[in-house]
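A short write-up of the structure that comes next.
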Number of protein chains: 2
Amino acid sequence: MQDVLIRKLEGFESLSDQDREALQSLMPKVRKVPARTDLIREGDAPEYVHLVLDGYACRYKMLPDGQRQIMAYLVPGDFCDLNVFILDQMDHNIGTISACQVVDIPRHAIDDITARYPHVTRALWWCALVDEAVLREWLVNIGGRPADHRIAHLFCELLLRLEAVGRVSGNSFDFPFTQPDIADTMGLSNVHVNRTIRELRALGLITLRQRTLTILDVERLKAYCNYNPNYLHLRNTRWGARRIIPWLSSGHGG
Amino acid sequence: MQDVLIRKLEGFESLSDQDREALQSLMPKVRKVPARTDLIREGDAPEYVHLVLDGYACRYKMLPDGQRQIMAYLVPGDFCDLNVFILDQMDHNIGTISACQVVDIPRHAIDDITARYPHVTRALWWCALVDEAVLREWLVNIGGRPADHRIAHLFCELLLRLEAVGRVSGNSFDFPFTQPDIADTMGLSNVHVNRTIRELRALGLITLRQRTLTILDVERLKAYCNYNPNYLHLRNTRWGARRIIPWLSSGHGG
DNA sequence: CGAGAGCTTGAGGTTTATCAAGTAGAGTGG
DNA sequence: CCACTCTACTTGATAAACCTCAAGCTCTCG
């Protein structure tokens, strides 16, 4: 189970045996967290860096009117708050979706390892930058695409991210998010999410039942929402080669 | 002009004279960039870190159908790509809105300074984390709020960010963004942006003419969109005290 | 002074939200 | 193990938010 992080990092940079051992030493004891439980809340001072080894969590904010906006899905191998430690208080919450296996890494452990293992440091940096790139793409997704493309895009992204940590088999993966979860992620109502998923099912693009999502035709689903995985900055995976942005010819001015 | 960065960083952490000198040394020569010009494009390899000293720029992506999504506004004192250097290619563009004064900082200069000045390093980290926090809040804004609140929220944020670098006088500041710019930022049509701004004007909340935005009643505008500045993580400013999140009582589970 | 872009407003259409109600599942306590 | 409860899922009907198209005006820039 601890190998998801190493597996993910090696999607970016080759690691030596020493690097791997150093990473292993970060996760001495794993903690079980039930589903639908907050790991850290808005206003808390960040002390530990949380790492998800198994299960799904999310980053979210609550608005004054009770609305929830989910800003990130955290899957096995993802750090919850790698880069928050300088800030004196959390400006958002992190909560589990399904039951999770989590490691709480004290800050000094991260400091120690980055002081001694430059490859690991680079790889952790890469994690943080990719998380931010994903956030940017989510903004594009919500701001610029209609509901059906939005949800299709989310499914494509999860497929690639989970594949990078070995959690996909036969284009199927665990999907414990409820339709209200998806609604609060995509800025849609749960009714509309339901109808949109029905549409994706009717088009023969996916099946979703008993918390398992299957992409029936990956290429067709990607084409459906114009999916471009460049923002994931994958290198050593089967999607890593995709580097061309054919429509990108004219930005403004220049 | 070079002092905007120092002024901004001191909003977070007190700097010594040596720290300030070190920061000054980062910006030996300033470059003028015309309005509506790209500083760096999707697909480019990031070489320099760009710092805006004067003028406005933005981070944006182009979609295959020609739609533009703006993901960040860069104002004086903002780094464009402080944290991108590990990634081998840009996944988005950065372009100016108005004419800008920009510094191109080579990577090694950042490395040198962070190796020797821990306070400066902390302050630069803080910049990067706040930029990410702003991005999260934009996601909340676009995903969770109606058009009028969205735009009001943007105006509140700009007021605070520009105030932190001394670019506000009498609740007025330079606003070179066009209505199409705002539309591509907020995920709205330019027609709807126009009507929404008309509404904010009619409510006596703002005036906007000749590229100058004036907030007529700051407290009322903030109340209008439930603005909470905690995500800016300001400390040494007049807004820094705001730390309470009154409605935050129940996340999920616990 | 001319051209292009931005601003403004109207009309009509599409997408998405809200309200409502019934069904199905999952978890809980006896 | 079963009944109960709560949440999620599903579908229909209606309403609101927002978009598109279109046209005229204004501003800015060359």
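Each chain gets a letter, A, B and so on, in the order its sequence line appears, and its residues count up from 1.
Residues His149(B) and Asn226(B) have side chains that never bring a donor and an acceptor to within less than 3.5 angstrom of each other.
Distance, Gln67(A) CD to dA17(C) C1': 11 Å, rounded to whole Å. For the pair Arg209(A) CZ and dT10(D) C1', the computed distance is 17 Å after rounding to whole Å.
Between the side chain of Asn141(A) and the main chain of Arg150(A), a donor-acceptor pair closer than 3.5 Å is present. Without hydrogens or angle criteria, Arg220(B) side chain to Leu203(B) main chain gives a donor-acceptor distance under 3.5 Å. Panel note: side chain Gln101(A), backbone Val52(A); no donor-acceptor pair is recorded below 3.5 Å. Remark: the backbone N or O of Gly55(B) is not paired with any side-chain donor or acceptor of Ser98(B) at under 3.5 angstrom.
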* Structure fact -> Nucleotide by nucleotide, nucleotides 16-30 of chain D touches protein heavy atoms under 4.0 Å in the pattern (B base, S sugar-phosphate only, - none) --SSBB---------
Using the 3.5 Å cut-off, write out each protein N or O paired with an N or O of nucleotides 3-7 of chain C and the distance between them.
{"residue": "dC7(C)", "atom": "OP2", "partner": "Gln179(B)", "partner atom": "N", "Å": "2.6"}

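Close to dT9(C), at under 4.0 Å from its OP1 or OP2, lies a side-chain N or O of Arg198(B).
A salt bridge is defined here as a Lys NZ or Arg NE, NH1 or NH2 lying under 4.0 Å from an Asp or Glu carboxylate O, and Asp81(A) with Arg59(A) fails to meet this definition. Using a 4.0 Å cut-off between charged side-chain N and carboxylate O, Asp54(B) and Lys32(B) make no salt bridge.
In this structure Phe177(B) satisfies the ring-ring contact (aromatic ring centres under 6.0 Å, His included) test together with Tyr56(B), Tyr73(B), Phe175(B), sequence neighbours excluded.
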